[in-house]
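Scroll down for the structure; my scribbles are underneath it.
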Amino acid sequence: MLCATGRLLAATTLPAPPRGRGSAPRCRRRELHFPGHSEQPFCDFLAGRLTRPSVLRARRVILRRGRMPPATGGGLTGSELRARRGRCGPQTARPASRDVAAEAAAPSPKRSAVSSQRLEAAGRWALLALVTLLSFATRFHRLEEPRHICWDETHFGKMGSYYINRTFFFDVHPPLGKMLIGLAGYLSGYDGTFLFQKPGDKYEHHSYMGMRGFCAFLGSWLIPFAYLTVLDLSKSLPAALLTAALLTFDTGCLTLSQYILLDPILMFFIMAAMLSMVKYNSCADRPFSAPWWFWLTLTGISLAGALGVKFVGLFIILQVGLNTISDLWHLLGDLSLSLVTVGKHLTARILCLIVLPLALYMATFAIHFMVLNKSGPGDGFFSSAFQSRLSGNNLHNASVPEHLAYGSVITVKNFRMAIGYLHSHRHLYPEGIGARQQQVTTYLHKDYNNLWIIKKHNTNSDPLDPSFPVEFVRHGDIIRLEHKETSRNLHSHYHEAPLTRKHYQVTGYGINGTGDSNDFWRIEVVNRKFGNRIKVLRSRIRFIHLVTGCVLGSSGKVLPRWGWEQLEVTCTPYLKETLNSIWNVEDHINPKLPNISLDVLQPSFPEILLESHMVMIRGNNGLKPKDNEFTSKPWHWPINYQGLRFSGINDTDFRVYLLGNPVVWWLNLLSIALYLLSGSVLAIAMQRGAQLPAEVEGLSQVLLRGGGQVLLGWMLHYFPFFLMGRILYFHHYFPAMLFSSMLTGILWDTLLRLCAWSVASSRLARSIHVVGVLSLLLGTAYSFYLFHPLAYGMVGPLAQDPQSPMAGLRWLESWDF
Amino acid sequence: MLGFLKRPIVLTTDINVNVVVLTGVGLLSRLWRLTYPRAVVFDEVYYGQYISFYMKRVFFLDDSGPPFGHMLLALGGYLGGFDGNFVWNRIGAEYSSNVPVWSLRLLPALAGAFSVPMAYQIVSELHFSHCAAMGAALLMLIENALITQSRLMLLESVLIFFNLLAVLSFLKFSNCQKHSPFCLSWWFWLALTGVSCSCAVGIKYMGVFTYLLVLSVAAVHAWHLIGDRTLSNVGAVSASACMAVSVCVFCHLLARAVALLVVPAVLYVLFFYVHLILLYRSGPHDQIMSSAFQASLEGGLSRITQGQPLEVAFGSQVTLKNVFGKPLPCWLHSHQNTYPMIYENGRGSSHQQQVTCYPFKDVNNWWIIKDPGRHQLVVSSPPRPVRHGDVVQLVHGMTTRFLNTHDVAAPLTPHSQEVSCYVDYNISMPAQNLWRLEIVNRESDTDVWKTILSEVRFVHVNTSAILKLSGAHLPDWGFRQLEVVGEKLPRGYHGSTAWNVEEHRYGQSQEQKERELELHSPTQVDFSRNLSFMARFSELQWRMLTLRSDDSEHKYSSTPLEWVTLDTNIAYWLHPRSSAQIHLLGNVVIWASGGLATAVYTLLFLWYLLRRRRQICDLPEDAWQRWVLAGAVCAGGWAVNYLPFFLMEKTLFLYHYLPALSFQILLLPVVLQHVNDHLCRSQLQRNLLSALVVAWCSSACHVSNALRPLTYGDKELSPDELKALRWKNSWDILIRKH
């Protein structure tokens, strides 16, 4: 049945993966035959040889879909194949012979096939090289402009500097991305001295190009990756080219790749994971071979990378996970495989896709904590035990008195992570919010206003007077906490707390330590007996208000501007034991007591890892949008509703505006709708058991499988944002946008082929496809020419101004460039 | 023709005594001493308010759910002749004699009672045995939490009723599908599925979960239907036969789409229609709604705005309300006082007259729209309307100063511009008081500025700043009013930059003294206008979904993890004198075994699934189908009603778990019967299992009976007895200290 021509039988090779140059493994491909493809002129040149018909494979595919292979269907496919080949044979032979005829007078058919195949392989390589080159050229063009900090460079550049200076900091994202930025800066000779204070600051003599170049380098790989992914999914060069063009000519992708940001790094790993997953899927017919292992491992590594840069990496992990589950499900259903083999498959995936990424992920954290060993701005976010590891922190190698005594000056830290120290300052609660007394808050940073003196409730004598003996504070004692700077007592009363209405307000009250009975607190150690002493750092203590019986706690809510956006402290009448109402004593100063060393407290690595994750998650949840502030909504993104100002406001500034190329984005949007429509029509037709012609069958397989995978990627990278409560930005959409561009490539190529197929005349058919793809390519290129100032920067009048060259391009009123 | 007369008319009925008995017992358990306690119990205080609002026809907004549930409760009040006069302010308050407690509580109780026979029917429609079905009904009957919840004016039992009804009618429908599609009962059950789904959604948004479950099961069935080749008549050769088959499949799909998608959507809108028809008076929640909406209610704003001229003209006197209205709904305002020369932090100001946003009606909220080219402050005749894009000046009515902004930092938002009423004592700073009007919701660029309906932005001509409510409260010198600024970097449209005219009249008097008198007098001219239903519906719906209620901590709030293990309870009511009390407290045995059954089902299902994949069929095909469908309905029902709570950020209570629990109760007998039929290999094992089941059942009954005093609250218990009932340390049982 399989009487393919020699040319088609010849083993075909794929372009090697971009990273493993030279030694790249070659995947031999045996895939469904899509006869429609070989008809195209593009394919004559390049793509036709990517496919090789195999009915065996087709049967297996049908089996996998859980249907019996219809007797007629198989036969029909075969006969169709033969018929088609008969028809298109002469056509396909023509260009090849034309090429070869110039060189040799009368080559044997076989040799001509071999040499033309080499030529095509070279052509494919050249095309890949061209795509890569163009991508690099666009990303590196005018990379040094503007010579000042743009947008979030102020954060990530600063964090890179922290790595170079080895000072500890806190960020809501995992460390890998910033570590890589730091490394790039270090290697390129940046010394970490630039302050990265605010957007617009000039770099001057500081070397910043290394970091930008690194991000642009990773950002440039996105396009070859997308190209190869689409090529593998659709087996069609025009589709891949179209995808590559969409991404190359998208101003948004371009802008995002040109600055010191986490996004190019994140997208690099996401696309690498997608590509290696697709590659490894296509190696499925040769399990446990070297390329199979290679791609599987690479998938795992890229997953670790994606998660290590931002938690958004979880979405691609989810996608790979779903793909793996369906993969294993098929293997399990294949009765020709023994259970042992299935077990081997399962183990290989667990090793490469779970164990390996986890190990790598933890390794990045290990490096993070090893590198950052100096005290820095992030200390206060972490527990006291954690801080004792950081040199320069006052807990490092510190020694403090072990037991709490009256007269000690202490700081009190909430046990819940990322809440901070009990704090007070000279400002009063504003009118209308409880009593107008001094504010008490929690504050994450170290400050003199965090210091409190612990005193007996009934005497006001100075306990540090050397004539008095040292008296320790014991569990169950009634005490008074006096704020050291303002000499006011920690106080609570039956007024509602500022934000949590059902709790009581906590204030600072009294003059020079003289207050009233509302200043008395009973100090209790969790899970201890009465009469025990209280240990610094290690005792978990609660403060119970004597008069109202409530418990001192922090609600974790951010106070409005009158409270300097510190966190609310309340006294909660609910005695349930939660971390919010448990405190520990951190600093402890008492000259009358002997000091002990704190080295015993050093936490172990798993504890650090857990703690840093808790702090990151809380930090992420804390990024809430405020009222009266314009925030970007997920539904704005795919319609390219509004961009982000990277740099510059006025007409004299150098302005960069992150905005997707509207032609590309709206085409993507249209494609998703078209895909859903055509996909469901095809799926229903197949479910109905319609006898589709072989061409259509092949094309619909590409659309449903390849397109389906990409669509899943888009959905996974887009829809979860609707559920997120945190503040969102336009650039969060870009990973999804990559997938959506891939879908566009696959969809339009397939649709044009279907169109071409439905037109009977072969000449017309050919031209429909060529003209369609070419016009899409040229259209995006031209729109890039129009919109490129957005990415490469522009000076001059704003687009509202009719004199501006961009005036005609402000297609939506919400764009402000 | 009249052949039917020849035969006697015979009615054959078959009555399932089981169902009758179950209904009877269900009614007994739910209706017994329904009026006790004659006091406000827990959330009745909350739903009661809304019942009163319905009785008084006063508009309210409740973001907890659509209005259907409230309306059902109010129906009880209506039938009982309730006049709405009761102050629902405190849990435990005694009902006055005008409150028809029995009829108010009747509907939830009936819903709870009918859940019992429905559980029986669902299990038997799933093709499990009568014993299993009786088991399910028994568990439903003795579950203490369900009893408590259905004996009060609360909505959970009604929600559970409609959830179960939706599932039951869907099962009946799909059983009809097998033998006689498109028959009368097929249509009936299909329609009932859609109706009960939308009722469930109409009671609480939680109902969406069950609706989605039913929809997805229906979608899977429909997908099989599409692929069903028997419908396509294998022998069909001719094109017409093929066509007929496709039409048949299409009819099936269309009927489902109409019944399960269109009907619920229409009904849902209908609930709102009735809601808005019933509530036509203005009430306490008016402030949340837009001016246009308020004007459509009787009393309140409409009393003021009735008869205002529609089109704003040069010379109009208006009050301008901020569209966003957060943190407070407020009006653009100015007063004699000026900005302090130097702020607390040392920055300087223009020292001109303050412009603020003021949350109360005040004569200082009046502004006059002036044409920059003319001096008159009165409306010419005929009035010259203001259009989109016109440049205007805004004159403060009481002080006749012009609204102005300039490059001075605003008091609290330093990156925005200060907005002031211009005082000309600083020559170095000229007046910049021209504003270009932008109508945000215009249909064309020549639209006229309309009272109430138009949302407008004021763009400053010199600096292109936009007049915006920053939301910050000014300090004492600004009387704690809200700050208004000129936003230099407008990033897209935001409600805080949009304003609408609320009160409006054509200015008549040229003299300042007369004008002040005029401003103090109410508006007069006659004119009436109404918002269409769809506009009101969409606004109400939008506000309900976006209203962020203060997430207050509650003493009895709990987390989803505590529900499965029943680590929490809610004290609903305590007798004012004795120790009789009502708690929402589940039957421990049922909750524990329900959790266990879910785990067993999941494990068994996965095991069978993996084995079937290797072509090892432990179950015969029909048993497997039954097992899958039962799992999809019962275990799926539990999962969809429970798991989403982990993602919710609002305050959660134990009663949120009850819908999930009702599905779990259905799953229990299903799993037991499966174990009996397929896992017990010998008669001995079966006997053993039966003995175990009997023991388990009686222990469940025993627990139910032991907790009965806390369920009905009818018995005084001594402190020792109460302590004995505190089986878990986390249970909060109230013990009086004497």
Side-chain angles (χ1 to χ4, degrees), chain A residues 66-67 328-335 337-339 342 430-433 499-503 555 557 560-562 570 572-576 578 621 626-633 636 641-645 649-650 683-690 723-725 798 800 812-816, chain B residues 222-229 231-232 242 245-246 249 253 322 324-327 412-413 438 464 468-473 475-476 480 482-483 485 487-497 548 550-558 609-616 647-649 730 732:
Chain A
R67 273 203 270 140
L328 285 172
W329 183 246
H330 288 309
L331 290 172
L332 187 69
D334 187 349
L335 290 182
L337 299 176
S338 72
L339 270 183
V342 176
E431 203 168 295
I433 296 173
L499 299 178
T500 316
R501 290 295 155 85
K502 297 202 169 163
H503 295 183
S555 65
K557 294 178 191 161
R561 209 165 298 159
W562 56 256
T570 63
T572 147
Y574 310 126
L575 297 178
K576 256 188 194 172
T578 62
N621 288 341
K626 290 172 197 137
D627 270 355
N628 288 47
E629 213 166 66
F630 179 83
T631 47
S632 184
K633 304 269 181 347
H636 291 167
Y641 177 74
Q642 194 173 36
L644 262 174
R645 275 208 191 90
I649 298 163
N650 298 323
I684 287 176
M686 285 164 86
Q687 174 77 3
R688 250 344 262 162
L723 298 176
M724 285 188 197
L798 297 168
Q800 289 109 307
L812 286 186
E813 257 185 51
S814 47
W815 299 346
D816 33 18
Chain B
W223 186 247
H224 288 311
L225 200 74
I226 292 175
D228 185 1
R229 305 288 161 79
L231 268 178
S232 62
C242 224
V245 164
S246 294
V249 170
L253 295 181
N322 189 271
F324 191 51
K326 277 175 194 164
L412 300 179
T413 324
E438 274 185 12
S464 67
K468 178 188 169 183
L469 169 68
S470 81
H473 284 271
D476 288 339
R480 316 224 142 261
L482 298 161
E483 185 198 35
V485 298
E487 172 73 54
K488 278 190 291 190
L489 299 176
R491 305 203 302 141
Y493 169 76
H494 190 266
S496 60
T497 60
R548 242 185 295 161
D550 218 9
D551 56 328
S552 56
E553 203 177 352
H554 192 281
K555 192 176 176 190
Y556 291 107
S557 67
S558 47
L609 196 69
L610 292 180
R611 303 250 300 168
R612 282 175 69 84
R613 190 70 190 158
R614 298 298 291 180
Q615 305 290 338
I616 306 167
L647 298 177
M648 287 186 197
E649 282 176 0
S730 49
D732 206 347

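Just so it is clear: chains get the letters A, B, ... in the order the sequence lines come, proteins before strands, and each one is counted from 1.
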Using heavy-atom distances under 4.5 Å, tell me whether A:W815 contacts chain B through its side chain, its backbone, both, or neither. neither

Considering all heavy atoms, the nearest A:H330-B:R613 contact: CA-NH2, 3.6 Å

Please classify the contact between B:L253 and chain A as side chain, backbone, both or neither, with a heavy-atom cut-off of under 4.5 Å. neither

Using heavy-atom distances under 4.5 Å, tell me whether B:R480 contacts chain A through its side chain, its backbone, both, or neither.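 Just its side chain gets close to chain A.
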
Listed by chain and number, what are the side chain to side chain contact (heavy atoms under 4.5 Å, CB included) partners of B:R614, not counting sequence neighbours? A:L332, A:L335, A:L339, A:V342, B:I616

Which value, rounded to the nearest 0.5 Å, describes the distance between B:L225 atom CG and A:Q687 atom CD?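 The distance works out to 10.0 Å.
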
